[in-house]
Amino acid sequence: QVQLVESGGGLVQAGGSLRLSCTVSGRPFSRYAMGWFRQAPGKEREFVAAISWTGGSTAYVDSVKGRFTISKPNAKNTMYLQMNSLKPEDTAVYYCVADEDISHIVADFSLDAWGQGTLVTVSS
């Protein structure tokens, strides 16, 4: 079973940047597609970004395209979400996920593993 641990959340002003990390243990990192979800207070969970197990394919929700970048250097067992030009509406708990199929992540369908979440707060 794969275990996921997120880090890198915090408080940032609007327009600033943060980089979230997700460290994977328990099973070969290179065989998993990875992704990020977020949940803001009082709102439903939302897909944010995903990357295939090869790293060759990525997907983003429209609201973060051009601002967020997901990466998965397989040599490091860590996935990253670089978040630039942050907006107050990006405020949420961000969760790292893993699955063998990137389409499952995009569809939020029966994912193999979830992290515990890391809080991102963007002040205006």
If you measure from [atom1] on [X] to [atom2] on [Y], what distance do you get to the nearest 0.5 Å?
X    : Y   : atom1 : atom2 : answer
N77  : S25 : CG    : OG    : 8.0 Å
L119 : T91 : CG    : OG1   : 8.0 Å
K72  : S52 : NZ    : OG    : 7.5 Å
S63  : K87 : OG    : NZ    : 8.0 Å
E100 : Y32 : CD    : OH    : 5.5 Å
R38  : E89 : CZ    : CD    : 8.5 Å

So do the side chains of [X] and [Y] get within less than 4.5 Å of each other, counting heavy atoms only?
X    : Y    : result
M83  : Y94  : yes
T121 : V12  : no
P73  : M79  : no
F68  : L81  : yes
D108 : L111 : yes
S110 : H104 : no
M34  : V24  : yes

Looking only at heavy atoms, what is the nearest atom pair of [X] and [Y], with distance?
X    : Y    : answer
G117 : V93  : CA-CG1, 3.8 Å
A49  : I105 : O-CG2, 4.5 Å
S124 : A14  : CA-CB, 4.3 Å
S103 : D101 : OG-OD1, 2.6 Å
S21  : T78  : CB-CG2, 4.0 Å
I70  : G35  : CD1-CA, 4.1 Å

- Message: Is it true that Y80 and R19 share a donor-acceptor pair across their side chains at a distance under 3.5 Å?
- Response: no

- State whether the side chain of E6 and the backbone N or O of C22 hold a donor-acceptor pair below 3.5 Å, judged by distance alone.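 Side chain of E6 to backbone of C22: no pair is present.
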
- For the side chain of D99 and the backbone of D112, is there at least one donor-acceptor N/O pair under 3.5 Å apart? yes

- Query: Are the ring centres of F47 and F37 closer than 6.0 Å?
  - Reply: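 Under 6.0 Å, so yes.
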
- Does I51 belong to the same Ile/Leu/Val/Met/Phe/Trp/Tyr cluster as W53, with side-chain heavy atoms less than 4.5 Å apart forming each link?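 In one cluster: no.
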
- Taking a hydrophobic cluster as the set of Ile, Leu, Val, Met, Phe, Trp and Tyr residues connected by side-chain heavy atoms closer than 4.5 Å, whether directly or through intermediates, do W114 and V106 fall within one such cluster?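 In one cluster with W114: V106, yes.
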
- Task: In sequence, state the C-alpha distance, the side-chain angles, and the governing distance for T118 and L20, and then conclude on side chain to side chain contact (heavy atoms under 4.5 Å, CB included).
- Result: CA-CA 8 Å; T118 186; L20 304 184; 4.0 Å; yes

- Item | By salt bridge (charged side-chain N to carboxylate O under 4.0 Å, His left out) - contacts of R67 (at least two apart) | D90

- Message: Checking K65 now: which residues fulfil side-chain contact (heavy atoms from CB on, under 4.5 Å) with it, not counting sequence neighbours?
- Response: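 Checked K65 against side-chain contact (heavy atoms from CB on, under 4.5 Å); matches are Y60, D62.
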
